[in-house]
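Reviewing the structure listed below.
Both ligands and their constituent atoms are indexed starting at 1 by order of listing. Computed from a prediction, not measured in an experiment: that's the story for all the values here. Sequential numbering from 1 along the given sequence is applied to the chain's residues.
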Amino acid sequence: MNLYQVFSHSGPLAGNNRRLRHCPQCGLRFADRALARFERQRCGQCGYVHHLNPAPGIVMLVKSPAGEILVGRRRATARYGGKWCLPGGYIEYEESFIDTAHREVREETGLAVRIEGIVNVVSNHLDDCHHTLVIVLLGEALAGRPEPGDDLEELKWIDRRAHGGVDYAFEADQRIVDGYFAGNLRQVPIDARIEPR
Ligand SMILES: [Zn+2]
């Protein structure tokens, strides 16, 4: 399995764009000096450490029984509005990535899915404020007609030919769908003992 990375490094001090002015725990004002790469802000009063980590998320290749893939057009008010993407979103605190997948697909497409496995993991550094680590899952839609919701305003099933004409918001999505239609995605199965809810 090739693991994809979409990275645009913007310099050794990029983390300075995500710095805090005050300690979120005790309110002490942090020192106003530049941070070295990977240096963390630490509170001298209460010991709080401000960790900067990528946000974990999932995206889902939802396939139809005929093998088409579901893509959604992003609402004009969303980031990358008007472009197309795979359903997905951020993993909430106290939520498993499997639960996230079911929830996001239901919110954005109205569909229930049977998850088959993990097909990739992607590090995305979109800009200084958006660094994500995305688990890419493959699943098949169960009965139902897709209805767009949340950040998506239109959904469509695409086959291999239609995929070439889709204006994707995220390079990683495009490459994953490329891999699906080229037949070269491999899967890591998910333990069925923890999957059904
Ligand atoms: Zn503090």
(request) Salt-bridge test for Asp167 and Lys83: reply yes if a basic N is under 4.0 Å from a carboxylate O, no otherwise. (result) yes
(message) Please say yes or no: joined through hydrophobic side-chain contacts below 4.5 Å, possibly via intermediate residues, are Leu52 and Phe30 part of one cluster?
(response) no
(message) I'd like to check Leu142 versus Arg114 (side-chain heavy atoms, cut-off strictly below 4.5 Å). Are they in contact?
(response) yes
(message) Over 60° means perpendicular and under 30° means parallel, so tell me whether Phe170 and Tyr80 are parallel, tilted or perpendicular.
(response) perpendicular
(request) For the Zn ion (ligand 1), check which protein N, O or S atoms are under 2.8 Å away and list them. (result) Cys23 SG, Cys26 SG, Cys43 SG, Cys46 SG
(message) Run the salt bridge (charged side-chain N to carboxylate O under 4.0 Å, His left out) test against Asp32 and tell me which residues pass, sequence neighbours left out.
(response) none
(request) Can you see which heavy atom on Val62 is nearest to which on Ala141, and at what distance? (result) CG1-CB, 3.8 Å
